[in-house]
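Written out below as structure tokens is the structure these notes cover.
The residues of the chain are indexed from 1 along the displayed sequence. We count ligands from 1, going down the list as the structure has it; atoms in each ligand are counted the same way.
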Amino acid sequence: MLNKTKVSDPKLYEIVEKELKRQESNIEMIASESTVPVEIMELSGCIFTNKTLEGYPGKRFQAGSHVADELEILANERGKELYGCDHINIQPYSGSTANYAVYATVLKKDDRVLSMRLDQGGHLSHGSKANFMSRFFNFDHYSIDKETEQIDYDGLEKKAEEFKPKLIIAGGSAYPRLIDFERIRKIADKVGAYFMVDMAHFSGLVAAEVIPSPVPYADFVTSSTTKTLGGPRAGFVMCKKEFADALDHGVFPGSLGSMHLTTMAAKCWLFKYAQGEKFRSIMRQIPINAKTLASELENYGFRIVSGGTDTHIVLVDVRNKNITGKDFDDALDYVGITVNKNQIPFDPLGPAVTSGVRIGLTSTTQRGLREKEIKQIASIMNRVAENTKNKEELSKLSKEAKELISKFPLYSDEDLKEIM
Ligand code: DSN
């Protein structure tokens with residue numbers, strides 16, 4: 001794939017090669033990442049790169065669109081089949097832009113939106129003060145119950161009754177448990193709000209029917225394609241049939257310009273692949289691996305936020321080890337285990353330091369690691385936590401981690417020839 005670049009720009013080629021080596025030799029556990037099939041990379045750089053296109057099949061603003069029309073129609077058919085939804089729009093470039101498209105569809109300036117707090121597992125694009133959407137809409141947030149560390153549905157209902165939002169959002173980036181979509185649907189109906197689920201993190205698990213789908217309950221369901229779904233750097237949005245035309249208008253021209261036909265081709269391939277047994281068996285294993293990691297870490301004295309996980313995410317409170325999330329993230333990085341520091345609910349520390357880390361099990365599961373290896377990773381993690389400042393011990397642990405992951409190649413030799 002990079003044969004020409006290797007010759008025309010060796011310096012850049014070297015950087016890409018270095019990243020390949022980094023991913024190959026590290027245990028990648030960032031919850032929003034995955035290891036994509038080679039076809040995703042092939043299609044993400046395919047000939048459709050040359051084509052600029054706006055509008056929808058049969059209603060384009062540029063000529064020469066009939067082949068791209070075939071692509072978009074096929075991708076939409078496959079997406080609808082995969083998720084059993086009424087309508088899908090695969091033009092969004094990411095999960096965030098899919099969210100903005102829903103805002104463009106149903107909200108007017110200053111309308112009220114209720115979403116989960118960012119520091120308790122929500123997402124930036126759900127109205128964080130740091131996100132520019134907060135300048136246009138009036139966001140308020142619901143919380144996690146302090147005891148269970150799961151969504152406080154009674155509190156959500158009370159807040160919805162008081163705040164009277166036009167839109168309620170469920171989903172986020174650091175919530176490891178199942179969400180009661182039916183309950184939130186009822187709350188939305190009670191207060192006359194639209195209901196949107198951002199399933200970016202868990203859309204692969206939904207596609208494989210490993211966890212319940214929000215599609216029957218939500219008016220709008222948004223997703224990125226890079227997380228458990230294991231696809232290109234892109235997104236998509238689905239809705240009930242009565243919102244189909246409005247949503248399409250909310251995507252284009254409401255919030256986006258021309259589409260990225262290359263990642264659209266990769267999404268088309270992914271939606272077929274995700275219906276196959278290979279994808280589904282990986283998805284089934286992900287929560288098994290996540291639960292294994294959670295219970296092993298708990299046995300080592302870490303506190304697992306919410307007491308466990310139902311998805312690919314394990315949110316770990318590291319305070320019992322007398323370290324911060326940043327200490328642990330840095331030390332694990334030194335060893336070659338990549339996680340991210342993450343605030344835990346009601347965290348006394350800010351987002352740059354934190355009391356926790358978020359660990360994702362997608363990439364490791366895709367590489368073939370199962371319970372036995374996950375237990376070894378938990379053991380390495382525990383020893384890292386107890387030696388965050390001991391470089392000698394960390395170097396030994398790094399060797400152990402690299403030896404473990406070297407048995408699970410990132411890509412086969414045949415694939416590597418394609419990639420590089
Ligand atoms: N929200 C970021 C994450 O979950 O890591 C990226 O999507």
Side-chain angles (χ1 to χ4, degrees), residues 23 26-36 40 44 92-103 115-134 139 141 144 151 169-177 179 196-206 211 214 221-237 260 263 266-267 270 286-287 290 305-306 309-316 325-326 328-329 332-333 337-345 347 350-354 356-366:
Q23 291 184 23
N26 274 22
I27 302 180
E28 296 292 289
M29 303 187 94
I30 301 280
S32 45
E33 292 180 354
S34 58
T35 303
V36 304
I40 296 291
S44 295
Y93 314 137
S94 66
S96 295
T97 51
N99 292 341
Y100 303 152
V102 174
Y103 305 162
S115 62
M116 180 152 62
R117 283 175 58 149
L118 176 62
D119 61 356
Q120 296 187 1
H123 191 255
L124 263 177
S125 62
H126 300 174
S128 151
K129 282 269 175 291
N131 182 279
F132 81 118
M133 283 295 146
S134 64
F139 287 91
H141 304 284
I144 298 296
I151 293 171
I169 302 176
S173 58
Y175 188 69
R177 309 313 298 241
I179 297 171
M196 169 185 132
V197 175
D198 178 344
M199 64 166 188
H201 265 271
F202 51 87
S203 55
L205 302 174
V206 169
I211 63 170
V221 178
T222 62
S223 184
S224 61
T225 45
T226 51
K227 301 178 173 91
T228 46
L229 196 51
R233 304 222 63 91
F236 64 96
V237 51
H260 296 176
T263 54
K267 278 178 261 193
L270 177 68
I286 287 174
V305 172
S306 83
T309 176
D310 303 310
T311 63
H312 61 303
I313 294 177
V314 182
L315 193 57
V316 187
K326 183 176 179 341
F328 198 31
D329 170 327
L332 284 170
D333 194 34
I337 300 178
T338 322
V339 305
N340 65 275
K341 58 180 179 282
N342 210 99
Q343 282 183 297
I344 57 169
D347 201 327
V353 182
T354 80
V357 293
R358 183 187 68 163
I359 307 175
L361 278 295
T362 308
S363 285
T364 45
T365 311
Q366 287 167 319

Closest to atom 7 (O) of ligand 1 among protein heavy atoms sits K227 NZ, 2.9 Å

Determine the interplanar angle of the F132 and Y100 rings, folded into 0 to 90°, and report it as parallel if under 30°, tilted if 30 to 60°, perpendicular if over 60°. perpendicular

Which atoms of ligand 1 have any heavy atom of H123 under 4.0 Å away? 1 (N)

Can you name the residues that form a side chain to side chain contact (heavy atoms under 4.5 Å, CB included) with S94, not counting sequence neighbours? S96, T97

Out of all atoms in ligand 1, which are within 4.0 Å of some heavy atom of H201? Include the element for each. 3 (C), 4 (O)

If you measure from each non-hydrogen atom of R358 to ligand 1, which part falls under 4.0 Å: side chain, backbone, both or neither? side chain

Within the 4.0 Å heavy-atom shell around S173, which atoms of ligand 1 are there? 1 (N), 4 (O)

Using a distance-only test with no angle check, is there a side-chain donor-acceptor pair under 3.5 angstrom linking H126 and D198? yes

Smallest separation among heavy atoms of H312 and L205, with atom names: N-CD1, 4.0 Å

Distance check, rounded to the nearest 0.5 Å: H141 atom NE2 versus K129 atom NZ? 6.0 Å

Contacting atoms of ligand 1, where contact means under 4.0 angstrom from a heavy atom of S32: 3 (C), 4 (O), 5 (O)

